Every structure is written in C-alpha cells, then in structure tokens.
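The next block holds one structure in the form of structure tokens; read it before the comments.
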Amino acid sequence: MADVHHFTHGLVTPGVAYGLSILGSLLGLLCTARMRTATTGKQRFWWIVLAAWALGGTAIWAMHFMAMLGFSVTGAQIRYDIPRTAVSALVAIVVVSLGLWIVGFGRPNIGRIVVGGIFTGVGVAGMHYIGMFAMRLNGTVSYDSGLVAASVIIAVVAATVALWFTVVLTKPLAIGGAALLMGVAVCGMHYTGMAAMSVQLTTPTLGGATAGASAANLLVPIGVLVLLVIGGLVFAIGAAPTKEDLEARAYLDKVQAAREEAAIAQQRGTVRRPSAFTPRGK
C-alpha cells in the first residue's frame, strides 16, 4: 500500500477548510432565519436557494475541496476529472436545497427533520465519494467499509442537527455557536471518509502524466467562485429587512392607519349635515 497523507501542508488546509465550513454554516443559518420570517412563498423559495448555496456550496463542498489540497499519495500524481468534480458540487447544493425544502415548507416537525436529515446526509456523503471518484492517479483506490459507514452516519446525524438548527435558531449568538459545531461535524465527516481510503500503486501512466486538472489549477477559479458566492450572500442578508425591521414597519403602518382614522372621524364630527326633518312651528 502507498503512503497516504491528509495534511501535506500541515494545519493550513484543515484550518482553512474548517473556516470555510464555519462561514458557510453561519451564512446558511442566517438565510434560514430570514426564510422563516418571509411573508410570501417566493421569498421563502429564494432564501432556501441562498441557504443551499451557503451550506451545500461553501460549508460542505468548498470545505471538501480545500481539504483535498492537503491530500497526497507518495509516488503518485493526483489529478481531478473536472466534470465529475462539478457534479459533486451540484449534488451538494441540490441535496441541501431539497432537505431545506422538506423542513422549510409546511409546519416543521420531528418527522420532517428526520426525513430531511437522512436524505441530506446520504446525499452529502454521496457528494464526498463522487469527489473522490473524480480523482485520477496511477493506483487502485479501495475503502474500508466500516469507516465508510461511519462517515455516512456522521453525515446523517450532522445533517439532521443542521436542519433542526435551521428551524429553531434565531439569535445571533446561538447561530454562531451552531456554526462552530456544524464546522466540526462537516470536517469530521470528510476526514473520516478520507481515513477509509487506501491506495495500491500500479504502473505509471504512459508518458508520465495523469489526465485531468491538478488541485492547484482548480484553486483560482473555485476560489473566485466561492468569494463571489460569499459576497452575494452577505449582500443579500444585509439588504433584506430583519424580523425587527418588519415588526417596526408593521407598527408604524398601524400607527399611521390609526391617525388617518382619527382624522377622518374628527372631520366628520365638525361638518354638520342638514337634517331632513324640520319641526312644526319653526
């Protein structure tokens, strides 16, 4: 078996990966908090889309890619199949959006959260292994079934807890603490799945080069995309009215309506209408 290294660059890649996971989780929970205060189905739909990009695209998939920058195999050149890598990103976003849809529309309950958590967790684990399947190297990859099962269980539990967070959390401090825990869970699932992997090197590819793009080649375009997504999410969250803003607006509208009613009533009281009955003798 070849020597497999998950921390080739020390703590840099896992540290950045954990930071991305926290940031994506934080933005996702803020989006779902706004989703619950949305007044129309269209607004709820778009908040679910934004939350899916934050959780699936940043907290999960971008974390996975960043962690893979620290992955190496002694004696092997690692490349990535771009279409399969793109599919893994799409899977992460789609399964998270469907999980949020399950708990976000209709009245939330334990059954919805559990069903959504199982679906999303299995989908996230599938995203991880699709991403691993996108790797190209001169070797045969095999997996320990016990650790694979453990990674799936972690993903399901993490997804279920995350969906529960999206239903109950509103306070900034609670959302921040939940984001820290979700970052630990996502990273734990990733590195458990990676620990299940082993590589048996084979004859090097003819010509000495493995087909596909290196992680370094993908870093810049993916990094730019992640920054654009994060920037768009921050703008959307900052521009949208909060629950307090909506309550204040409703209160001002109520006060204004009361003033208008009082003005109309006062005007009616000061204008004397001619009587249709005139007493005799007058």
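Computed from a prediction, not measured in an experiment: that's the story for all the values here.
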Notebook entry, point to check: Mind checking what makes salt bridge (Lys or Arg N to Asp or Glu O under 4.0 Å) contact with Asp144, not counting sequence neighbours?
Noted result: none
For a quick test of reading the model, state the closest non-hydrogen atom pair linking [X] to [Y] and the distance between them.
{"X": "Arg112", "Y": "Val103", "value": "O-CG1, 3.7 Å"}
{"X": "Thr8", "Y": "Ser72", "value": "OG1-OG, 2.7 Å"}
{"X": "Ala155", "Y": "Met189", "value": "CB-CG, 3.8 Å"}
{"X": "Gly121", "Y": "Ala159", "value": "N-CB, 3.6 Å"}
{"X": "Met63", "Y": "Ala17", "value": "CG-O, 3.4 Å"}

Any side-chain heavy atom of [X] within less than 4.5 Å of one from [Y]?
{"X": "Leu100", "Y": "Leu163", "value": "yes"}
{"X": "Met182", "Y": "Ser21", "value": "no"}
{"X": "Val95", "Y": "Met127", "value": "no"}
{"X": "Tyr80", "Y": "Arg136", "value": "no"}

Expected list for residues 190-197: side-chain donor-acceptor pairs under 3.5 angstrom, two or more places apart:
unit_1 : atom_1 : unit_2 : atom_2 : d
His190 : ND1    : His64  : ND1    : 3.2
Thr192 : OG1    : Gly188 : O      : 2.6

Notebook entry, point to check: Run the side chain to side chain contact (heavy atoms under 4.5 Å, CB included) check on Tyr18 and Val186 step by step: do they pass?
Noted result: CA-CA 8 Å; Tyr18 180 56; Val186 172; over 6 Å; no
Item checked: Test log, rule side chain to side chain contact (heavy atoms under 4.5 Å, CB included), inputs Leu180 and Ile22 -> CA-CA 6 Å; Leu180 293 174; Ile22 293 174; 3.6 Å; yes
Check: Between Thr85 and Trp61, is a side chain to side chain contact (heavy atoms under 4.5 Å, CB included) present by the stated rule, with each step listed?
Finding: CA-CA 10 Å; Thr85 301; Trp61 188 84; 3.7 Å; yes
Next item on the list: Start with the C-alpha distance between Leu169 and Trp164, add both sets of side-chain angles, then the distance that settles side chain to side chain contact (heavy atoms under 4.5 Å, CB included), and finish with yes or no.
Entry: CA-CA 8 Å; Leu169 296 184; Trp164 179 70; 5.9 Å; no
Next item on the list: Would you check if there is a donor-acceptor pair between the side chains of Thr166 and Thr32 at a distance under 3.5 Å?
Entry: no
Check: Under the criterion side-chain contact (heavy atoms from CB on, under 4.5 Å), which of Leu29, Thr170, Leu27 is the partner of Ile175?
Finding: Leu29
